[in-house]
Amino acid sequence: MHRFRRLRQTEQLRDLVAETRLSVKELIYPLFVIEGENIKEPIDSMPGVYRYSLDQLDEIIEEVKESGVSGLLLFGVPQTKDAVGSEAYNPEGIIQRAIRKIKTLAPHLLVIADICLCEYTDHGHCGLVHEEHILNDETLPLLAKMAVTTVAAGADMVAPSDMMDGDVRAIREALDQAGYVHTPIMGYSAKYASGYYSPFRDAADSTPRFGDRRSYQMDVRNGKEGLRELENDVEMGADILMVKPALAYLDVVKEASLHFNQPIALYNVSGEYAMVKAAAEKGVIDEKRIVLENMIAMKRAGANIIITYHALDVARWIK
């Protein structure tokens with residue numbers, strides 16, 4: 001008889017032989033910044049998550065610093081939007097000013113700028129539009145311009161989430177030409193057209209005004225295509241690869257971890273967060289236990305980095 005239970009008898013033994021460990025240094029906290037003053041606006045569909053105006057950032061940045069998580073993934077919500085998303089690449093835009101503010105408050109905190117036009121366009125799509133067709137190649141220079149302006153503002157890394165073909169290469173070339181050869185790119189490499197994003201669109205005010213994003217985000221039925229997307233990002237120069245969402249795509253994460261040597265990031269998205277919060281609020285699950293189990297599952301599948309709205313809670317629980 002194999003007595004597997006011998007090593008399960010005490011907490012000390014279980015900790016000693018645990019195959020998967022979770023560290024706060026592997027966590028990234030998403031943060032939403034909004035134009036205006038004296039705003040700390042709760043996002044109803046995401047309990048515990050807020051949109052902050054620049055003058056209200058001090059408290060949350062201090063909390064992030066104290067938590068020990070590695071950094072922030074930053075999203076900007078502008079006051080004015082237009083067809084070309086011009087506030088995305090305005091050197092004085094909301095995300096650029098937020099980066100400067102955060103770097104003043106916490107110079108050593110890692111700040112990752114999300115690069116996409118969806119929060120900044122009046123139509124809500126991630127690229128330029130002509131007659132309800134999303135333009136790929138025409139969008140690339142604007143994404144590159146946004147990346148350069150965010151890095152010039154102080155961002156440590158950029159993360160293109162647009163899912164335009166060729167985005168990583170366009171951004172890499174633009175950063176290099178601007179002298180930012182050491183700035184890494186985290187590609188949203190395998191980003192699926194998922195129903196799990198709905199609460200995020202409330203937070204970022206980025207719901208498409210027509211159609212959906214299935215013509216450029218990935219088909220949820222395709223796993224092998226995800227590996228091709230990941231490989232393409234490697235070829236274009238991505239330093240970190242990402243799979244998004246998390247829990248329904250751990251098969252893709254596992255395959256990615258076996259196929260690629262680059263660090264693998266996983267985005268535990270808004271819908272996944274909201275479901276846990278809703279179930280915990282009704283008392284049908286133990287929130288702490290479920291969240292930590294989800295985090296371990298992501299690590300066990302092969303994720304090196306976890307972007308999650310649970311990050312600050314997880315940091316407290318780990319400590």
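Side-chain atoms are counted along with the backbone in the values below, which use heavy atoms only and exclude waters and symmetry mates.
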>> Taking the side chain as everything from C-beta on, heavy atoms only, tell me whether V243 gets closer than 4.5 Å to S189.
In response: no
> If you measure from CZ on F75 to CZ on F200, what distance do you get to the nearest 0.5 Å?
Replying inline: 4.5 Å
> salt bridge (charged side-chain N to carboxylate O under 4.0 Å, His left out) between K65 and E62: does it pass, once the steps are laid out?
Replying inline: CA-CA 5 Å; K65 282 170 54 181; E62 185 61 29; 3.5 Å; yes
> Are any of the side-chain heavy atoms of L135 and M164 separated by less than 4.5 Å?
Replying inline: no
> Any salt bridge between E11 and R14, counting N to O under 4.0 Å?
Replying inline: yes
> Considering only heavy atoms from C-beta outward, does the side chain of N268 approach that of N294 to under 4.5 Å?
Replying inline: no
>> Within this structure, what is the CD-NZ distance for the pair E287 and K277, rounded to the nearest 0.5 Å?
In response: 3.5 Å
> Looking only at heavy atoms, which two atoms of I39 and I34 are closest? And how far apart?
Replying inline: CG2-CG2, 4.0 Å
>> Restricting to non-hydrogen atoms, name the atom on T139 and the atom on G127 that form the minimum distance, rounded to 0.1 Å.
In response: OG1-CA, 3.4 Å
> Is I134 close to S215 at the side-chain level, that is, under 4.5 Å between some pair of heavy atoms?
Replying inline: yes
> What closest approach, in Å, do C126 and C118 show between heavy atoms, and which atom pair accounts for it?
Replying inline: SG-CB, 3.7 Å
>> For N261, is the CG atom crowded, meaning more than 12 foreign heavy atoms sit under 6.0 Å from it?
In response: no
> With a 4.5 Å heavy-atom cut-off, do E272 and Y309 have their side chains touching?
Replying inline: no
> side chain to side chain donor-acceptor pair (under 3.5 Å) between N232 and E229: does it pass, once the steps are laid out?
Replying inline: CA-CA 5 Å; N232 186 55; E229 286 275 12; 4.8 Å; no
> Closest heavy-atom contact between A153 and R100?
Replying inline: O-CG, 3.3 Å
> Any idea which heavy atoms bring C116 and D162 closest together, and the distance?
Replying inline: SG-CA, 3.7 Å
> Under a 4.0 Å N-O cut-off, is there an ion pair linking K103 with D156?
Replying inline: yes
>> Which heavy atom of V69 sits nearest to which heavy atom of S67, and what is that distance?
In response: N-OG, 3.2 Å
>> Could you check whether any side-chain N or O of Y273 sits under 3.5 Å from a backbone N or O of P47, counting only pairs where one atom can act as donor and the other as acceptor?
In response: yes
> Are the side chains of I185 and R172 in touch, meaning some heavy atoms are under 4.5 Å apart?
Replying inline: yes
> Salt-bridged, R316 to E66, with N to O below 4.0 Å?
Replying inline: no
> Under 3.5 Å, is there a donor-acceptor pair between the side chain of N304 and the main chain of P263?
Replying inline: no
> Can you tell me how far the OH atom of Y50 sits from the CD atom of E41, to the nearest 0.5 Å?
Replying inline: 11.5 Å
> With under 30° as parallel and over 60° as perpendicular, where do the rings of H125 and Y216 fit, or are they tilted in between?
Replying inline: perpendicular
> Using 4.0 Å as the upper bound for N to carboxylate O, is an ion pair formed by E26 and R21?
Replying inline: no
>> Could you tell me if the side chain of K101 sits less than 4.5 Å from the side chain of D58, heavy atoms only?
In response: yes
> Taking the six-membered ring of Y188, is the NZ or CZ of K244 close enough (under 6.0 Å from the centre) and on axis enough (within 45°)?
Replying inline: no
> Less than 4.5 Å apart, any side-chain heavy atom of I240 and any of Q262?
Replying inline: no
